[in-house]
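Okay, so here's the structure we're looking at.
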2 protein chains.
Amino acid sequence: MTRKAVNLKMLSEALGLSQTTVSRALNGFPEVSEKTRARVVEAAERLNYRPSPSAASLATGKSRLIGHVVSLSAHIMINPHFADFIAGAGEVYSESGYDILLRLAPLEEQERIYHNLAQDQRVDGVVVHGPLTNDRRIGILNALGLPFVVHGRSDEEGRDYAWMDVNNRRAFHRATEFLVDLGHRRIALVNGIEAMNFAARRRQGYETALAERGIALDETLMFSGDMTEPQGYRATRELLALGEPPTAILVASVLPAMGIARALGEAGLRPGPDMSVVAFDDCLSFLEPIDTDAPRDIPYFTAMRSSIREAGKRVARMLLDRIDDPQRPLESELWEADFVVGQTTAPPSRR
Amino acid sequence: MTRKAVNLKMLSEALGLSQTTVSRALNGFPEVSEKTRARVVEAAERLNYRPSPSAASLATGKSRLIGHVVSLSAHIMINPHFADFIAGAGEVYSESGYDILLRLAPLEEQERIYHNLAQDQRVDGVVVHGPLTNDRRIGILNALGLPFVVHGRSDEEGRDYAWMDVNNRRAFHRATEFLVDLGHRRIALVNGIEAMNFAARRRQGYETALAERGIALDETLMFSGDMTEPQGYRATRELLALGEPPTAILVASVLPAMGIARALGEAGLRPGPDMSVVAFDDCLSFLEPIDTDAPRDIPYFTAMRSSIREAGKRVARMLLDRIDDPQRPLESELWEADFVVGQTTAPPSRR
DNA sequence: AGTCTTTTCCAAAGCGCTTTGGATTTTGAT
DNA sequence: ATCAAAATCCAAAGCGCTTTGGAAAAGACT
């Protein structure tokens, strides 16, 4: 019945070896014979030895913590998206013995926070969430030399940082074309906050597609804001009140899309036959059926689809790779969104 | 231009004081004069001194990290709820200089994980999420002596652990009574997973209220499962296919409630006039309008309402208090949910 | 002035790990 | 048998903080 946890000293004494040898045996250094290594590992197991993280961290400067600094309060829309991203990333971290250090802070404090996290050696790397166009955090992190990966992009080039992004421009371009091909000419856009780079790109895709088809932009059909259910609801009510309402709506998330559906329902309109709706679908978990064995329903929303959870996994892997070898060339990865046709699109209704 | 971060030794040399005095000055010990304390604080500021967390942690055994161990993958429903809870808790932690250590792990591994976190002194305390009835984690944590607070309860007494819970039983009792008073007699329940204590209590409230009004239970009207949108959708379709469908539905979250609304819409039924719906509303952020200045809409769902974000704040405060003084008597707090009447309830329609 | 407290400060010993720079033993080649 | 090389192990010096057990200086009181 040991009162205190066993430490390296106790373990090495029990084995009749030096702390050096035990430490090396456990950390897989080559200069210890397989025979002693096996002995050490067995004893460590038996005595339930676990190296102290703070001591190891003090000695090595590595914390085995990944920083995620997010502003959950300000841009509330990211909450559910963030949770799914973290669910993916966390899975990868767990497999590699890392934990998430989560810090909530408004955007304007994040630069200072990164500075402190780096100086304190509190984290081994960070993930940048929700990059703005020309996001200052990226420069700061490069200057600090703290390994990081951006979920999304911050500029056109994307050359001086590692990133993983979905081809938002193409997804919205394609969705717009799809609607135009169906015969729609008045297509509304309910977008995210366009200071965020992903939303800016989505708008570009939409605008380019319309321009290519010779359809003039109409500012009264374009909304930008936090992607909440009420955003979709309100935008739709405004759209329906227009002299000439749109016949289709492109929306940046299934969350506002649900608000759109609600507003349409109240107006006695059916999504699809009466108003086409195409949403960007991040495969949020709470909208998915649990048992994936079950016969898959025909998807409700016609959607551009890309799993944010898978994105979390990929970003986490990229970051762990960078931490293992900070000198490796900057990687980047661009995923295409699937386009799935559901029940919410149809040719424009004649009225 | 200092290359390395300044540490206590450098700071004390710069001041011509010993490390002891500097450390004590910074940590507010009484045995250092206000004059020197001021000097020290000024110099620390000027030289941008920050104590190393791992060194401090090694010396004190405190990590200033709060553990949140969750199984985001298994019970997917908790994702958005969890995000809002964390948003609240994180705010409190930030104010007190704590960070969240987030670890994703299936429920069956959590006991082992708590053991390791305690032995490693990796966290100063933990929050227990989603307690089951007779949850084994509670016994483990008590045995480990790791400070913790339970969000919810695990048994009837709730005596040997600190907890904060919503009065789920009363909320569902009241909602059921409300529907009965409106004239409903066939009331369905779309519940969460009933191994979880909160869901079990909700069912009890529902059953008791029905019993009190002399209404027999009908198992075909009761559903239990992960609280997702499709859960609500599917349950509703099953209910509508019944020989004698219910006239009202009680649902454990607005997420499945949205699925209910979708299914009703497809069937050409209006929530409210054609089918009453009462939901438990956790005030999830992405369902709320952003600018709270804006004229508040009449709430859509009739709901039992309690902010999970506020719960996060409260639980965090309770935990920090326990960490400050682990010997303090066990606290507990029971919140009553608001009952707000929205647009989704009405007397049963005659058909 | 001399004694007794208080106040103010410090040297040094941890906390538990990693890692440098040898020392010792074993192996292999001559 | 001899010597160089390879394999195996170790003592001790950090890493940067907190904290114990005093010591020195200052103030209070006869």
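Convention: sequence-line order gives letters A, B, ...; per-chain numbering from 1. Quick caveat, the model's predicted, so the values are computed rather than measured.
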Between N79(B) and D84(A), a side-chain donor and acceptor under 3.5 Å: yes

Consecutive-pair stems (3 or more, Watson-Crick or G-U, under 3.5 Å) for DNA chain C: C:1-30 with D:1-30

OP1 or OP2 of dC9(D) versus the side-chain N and O atoms of T36(A): is any pair under 4.0 Å? yes

So R37(A), base contact, sugar-phosphate only, or nothing? Heavy-atom distance under 4.0 Å. nothing

Expressed in angstrom and rounded to an integer, what is the separation of R64(B) atom CZ from dT18(D) atom P? 11 Å

Going by number, which of residues 13-25 of chain A have a non-hydrogen atom under 4.0 Å from DNA chain C? Q19(A), T20(A), S23(A), R24(A)

So, S154(B) versus N197(B): side-chain donor-acceptor pair below 3.5 Å or not? no

When the nearest nucleotide of DNA chain C is assigned to R39(B) and to A59(B) on a heavy-atom basis, which residue is associated with the more 5' position? R39(B)

Nearest whole angstrom, please: distance from the C1' of dC17(D) to the NZ of K62(B). 16 Å

If I take atom CG in residue L58(B) and atom P in nucleotide dT19(D), what distance separates them, rounded to the nearest angstrom? 12 Å

Tell me: CG of L26(A) to P of dC17(C), nearest whole Å? 10 Å

Can you find a side-chain donor-acceptor pair between D155(B) and Y161(B) that sits under 3.5 Å? yes

Rounded to whole Å, please give me the gap between CG in L8(B) and P in dT19(D). 13 Å

Partner residues of H68(A) under the ring pair (Phe, Tyr, Trp, His ring centres under 6.0 Å) criterion, sequence neighbours left out: Y93(A), H129(A)

Could you please spell out the steps behind the side chain to side chain donor-acceptor pair (under 3.5 Å) verdict for S54(B) and S57(B)? CA-CA 5 Å; S54(B) 37; S57(B) 170; over 6 Å; no

Quick one: do the T20(B) and S23(B) side chains pair a donor with an acceptor below 3.5 Å? no

So which of R314(B), K313(B), R317(B) actually passes salt bridge (Lys or Arg N to Asp or Glu O under 4.0 Å) with E91(B)? K313(B)

Rounded to whole Å, how long is the line connecting atom NZ of K35(A) with atom P of dC9(D)? 9 Å

Taking the basic N atoms (NZ, or NE/NH1/NH2) and the acidic carboxylate oxygens, is any pair closer than 4.0 Å for R50(A) and D120(B)? yes

D120(B) CG - dG16(C) C1' separation (whole Å): 12 Å

Note: R122(A) and S63(B) closest approach over all heavy atoms is NH2-O, 2.6 Å

S33(B) side chain near dC9(C) phosphate (N/O to OP1/OP2, under 4.0 Å): yes

On the nucleotide dT18(C), are OP1 or OP2 found under 4.0 Å from the side-chain N or O atoms that N27(A) carries? yes

For atom CD of E34(B) and atom P of dC9(C), their distance in whole Å: 11 Å

